[in-house]
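Here's the structure we're looking at; comments come further down.
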Amino acid sequence: MSTSLSGKTALITGSTSGIGLAYAKALAGEGANVVINGFGDKDAIEQERLGLEKLSGAKALYSGHDLTKVDQIETMMKEAADAFGGIDILINNAGMQHVAPVEEFPLDKWDLIIALNLNAAFHTTRLAVPYMKEKKWGRIIQTASAHSLVASPFKSAYVTAKHGLAGFTKTVALEVATFGITANCISPGYVWTPLVENQIPDTMKARGMTREQVMNDVLLAGQPTKQFVTAEEVAATALYLCSDAAAQVTGANLSIDGGWTAQ
Ligand code: NAD
């Protein structure tokens, strides 16, 4: 399986933390130039960026744009393409969560989650596809979720966005199929990242549970392996999708969920 990504450029949204940072490390480790994006402490991000460059000697660029804003997405995509002469691998990974009953779901949170978890992927994809078509090669990878396949209560915006992302990805896969471009979802179960840790207090409130009950009876309850998925396991799947061996894998939704959605 050839996974050398030397000479390729990967843009990974939401890659200052968690799963996105693991993707960036995996792809940079195989020689790809990477564009990282997301929020956080400027010095810490600069350290991560330098660390990525040391992995293989390829370049790493930080683009801190807010992907809930269409004009900022357009700027990020142009900056990346100008710096590296195109975008070969697009990983739509930036995402957020909010946990609340539907009748109390804050309107601003609904709009933000749909904008970031769904609409941003449409905008980055529409802007990346022309570069990929030109080179007759491309990889579009979405971090979807087990919640692109099944629902959980109190996560209406997230589940809606992730189901939408799965449908969007299948549609794009069909449109670009003859151009050497694949489009796939990776759907993790619970991965221990800040996104999961931060939803524990609201879940405790929404369900009237203790922290331990949320960990064992909500988060890991549905995962038959009773273990969190690791960000590195998710990143390894992205590397596979970027390889020549995965050239015919397109329109797929690959679960990495400890058996959650097999039930
Ligand atoms: P995380 O909170 O560690 O990372 C989220 C990233 O998105 C960060 O880099 C953050 O700065 C960035 N971000 C947030 N708002 C942004 C904005 N407006 N514009 C640009 N970047 C923004 O979370 P994570 O768990 O690594 O999640 C990454 C993806 O994986 C998300 O799409 C999430 O839905 C998905 N996912 C996570 C899990 C899990 O259990 N952690 C499971 C399934 C799917």
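In each ligand, atom 1 is the first atom listed, and ligand 1 is the first ligand listed. None of the values given here were measured: they were computed from a predicted structure.
For atom 19 (N) of ligand 1, the choice among I91, L67, I12, I186 with the nearest heavy atom turns out to be L67. For the residues T13, N37, I19, the heavy atom positioned nearest atom 26 (O) of ligand 1 is part of I19. When the heavy-atom distances from atom 15 (N) of ligand 1 to T193, L116, L219 are ranked, the shortest goes to L116.
For ligand 1, the atoms sitting less than 4.0 Å from at least one non-hydrogen atom of N93 are 28 (C), 29 (C), 30 (O), 31 (C), 32 (O), numbered in the order shown with element in parentheses. The atoms of ligand 1 that sit less than 4.0 Å from any heavy atom of G18 are 3 (O), 26 (O).
The shell of residues lying under 4.0 angstrom from ligand 1, judged by heavy atoms, excludes Q97. Under a 4.0 angstrom heavy-atom cut-off, S15 registers as being in contact with ligand 1. Residue-ligand proximity: K69 is placed with every non-hydrogen atom at 4.0 Å or more from ligand 1. Not a single heavy atom of A115 lies less than 4.0 angstrom from ligand 1.
Contacts with ligand 1 closer than 4.0 Å are made by side-chain heavy atoms of Y158 only, the backbone lying farther away. Neither the backbone nor the side chain of A231 has a heavy atom within less than 4.0 Å of ligand 1. Residue M96 does not touch ligand 1, judged by heavy-atom distances below 4.0 Å. Under 4.0 angstrom from ligand 1, the non-hydrogen atoms of V191 come from both its backbone and its side chain.
N37 places a side-chain N or O within 3.5 Å of a backbone atom of S63 that can act as its donor or acceptor partner. Listed for the K162 side chain is no donor-acceptor partner under 3.5 Å among the backbone atoms of A146. The backbone N or O of M96 lies less than 3.5 Å from a partner atom in the side chain of N117, making a donor-acceptor pair.
A salt bridge links R126 with E74: the distance from a Lys NZ or Arg NE/NH1/NH2 to an Asp or Glu carboxylate oxygen falls below 4.0 Å. With respect to the salt-bridge test (charged N to carboxylate O, under 4.0 angstrom), the residues E53 and R49 qualify.
Using the six-membered ring where Trp is involved, Y190 and W260 have ring planes that are parallel, under 30° apart on the 30 and 60° scheme.
Y131 and T9 are not linked by any side-chain donor-acceptor pair at a separation below 3.5 angstrom, with hydrogens and angles left out of the test.
We find the CG-CE distance between D88 and M132 to be 7.0 Å, quoted to the nearest 0.5 Å.
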